[in-house]
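Worksheet for the structure shown next.
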Amino acid sequence: KKGTGELDGESYTELSFEGYGIGGVAVIVAALTDNTNRTTSAVRSTFDKHGGNLGTKGCVSYMFARKGVILIEKTDDIDEDELMEAALEAGADDMIVNEDSFEILTEPSEYTAVHGALTDAGYEFVESEVEYVPSMEAAPKDANDLKKLKKMIDILEDNDDVQKVHHNCSVDLETIE
């Protein structure tokens, strides 16, 4: 009942935390909570225990831009030129061709139109949302520090109140063991 808002007096607050992980990697944590003290304490503790520093609002957000990001899996039946043309005509800013996917970037104000046009054209999305995209990247120089950063981000993502963790690490943390 609490999650659906059926209980009286329950209200949820959106929180945003900014700070640095180990190696100078900028981190933004977006949270939605019914207990700001609990969430703030958990996020602060996670940063502290894993070599990070929780900062003030605006300390790292200047290193990110809000963008609509639409990810489409690369398959043999998707023509790159047709996809790019459909995306650009709908208002997309850019399309990045990755090894296994197409990444379409939009301004937040154009996101809905581009998403709708690509859906109508029959494309299926792996991921699609407005998020923080890093405009500059950083990475720890040491492999051990990369493991610590990955662990910090994993713990933040496992927190029930945390919706999304954005970072500007240039190394794909999914490949770190």
Side-chain angles (χ1 to χ4, degrees), residues 12-21 23-33 39 43 46-47 52 55 57-140 146 149-176:
Y12 287 87
T13 306
E14 283 187 47
L15 300 174
S16 180
F17 302 95
E18 298 182 26
Y20 290 94
V25 173
V27 180
I28 297 176
V29 180
L32 182 66
T33 183
T39 304
V43 170
T46 302
F47 270 85
K57 190 146 186 76
C59 72
V60 300
S61 59
Y62 70 92
M63 292 187 236
F64 295 84
R66 293 281 290 166
K67 293 280 185 185
V69 179
I70 300 171
L71 207 60
I72 298 174
E73 185 177 0
K74 201 184 241 187
T75 60
D76 291 338
D77 39 320
I78 294 179
D79 182 84
E80 182 180 331
D81 293 332
E82 286 178 18
L83 175 59
M84 180 176 273
E85 185 177 329
L88 292 175
E89 282 181 9
D93 287 346
D94 195 9
M95 185 172 93
I96 300 167
V97 180
N98 298 316
E99 190 175 308
D100 58 350
S101 64
F102 299 104
E103 186 175 345
I104 298 161
L105 301 174
T106 73
E107 288 300 319
S109 59
E110 297 294 322
Y111 170 76
T112 305
V114 175
H115 184 279
L118 294 177
T119 301
D120 292 346
Y123 293 104
E124 292 183 23
F125 310 129
V126 174
E127 193 175 305
S128 178
E129 63 185 309
V130 176
E131 60 184 52
Y132 288 97
V133 176
S135 53
M136 56 179 66
E137 295 182 329
L146 271 171
L149 178 66
K150 180 180 179 359
K151 184 169 177 115
M152 181 184 90
I153 289 174
D154 286 346
I155 290 170
L156 287 168
E157 288 176 340
D158 287 344
N159 184 317
D160 289 339
D161 294 335
V162 172
Q163 303 298 303
K164 186 84 173 167
V165 179
H166 307 276
H167 60 81
N168 72 343
C169 186
S170 59
V171 176
D172 182 6
L173 295 177
E174 298 301 317
T175 62
I176 305 298

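Just so it is clear, the values below take in all heavy atoms, side chains as well, and ignore hydrogens, waters and symmetry mates.
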If you count the non-hydrogen atoms of other residues, nucleotides and ligands that lie under 6.0 Å from CD in Glu157, is the total more than 12?
-> yes
Hey, does Phe64 have a side-chain heavy atom less than 4.5 Å from the side chain of Val133?
-> no
Are Ser101 and Ile72 close enough that some pair of their side-chain heavy atoms sits under 4.5 Å apart?
-> no
For Val114 and Ile70, which heavy atoms make the closest approach, and how far apart are they?
-> CG1-CD1, 3.9 Å
Look at atom CG of Asp160 and say whether more than 12 heavy atoms of other residues, nucleotides or ligands are closer to it than 6.0 Å.
-> no
Does the side chain of Ser61 come under 3.5 Å of the side chain of Tyr132 through a donor N or O and an acceptor N or O?
-> no
Salt bridge Lys67-Glu131, side-chain N to carboxylate O under 4.0 Å = no
On the 0 to 90° scale, with breaks at 30° and 60°, tag the Phe125-His115 ring pair as parallel, tilted or perpendicular.
-> tilted
Please indicate whether Glu137 has more than 12 foreign heavy atoms, meaning atoms of other residues, nucleotides or ligands, lying under 6.0 Å from its CD.
-> yes
State, yes or no, whether a side-chain contact exists between Pro140 and Val25 at a heavy-atom distance under 4.5 Å.
-> yes
What distance separates Tyr123 OH from Thr75 OG1, expressed to the nearest 0.5 Å?
-> 9.5 Å
Kindly determine whether Glu129 and Lys164 satisfy salt bridge (charged side-chain N to carboxylate O under 4.0 Å, His left out), including the steps that lead there.
-> CA-CA 11 Å; Glu129 63 185 309; Lys164 186 84 173 167; 3.5 Å; yes
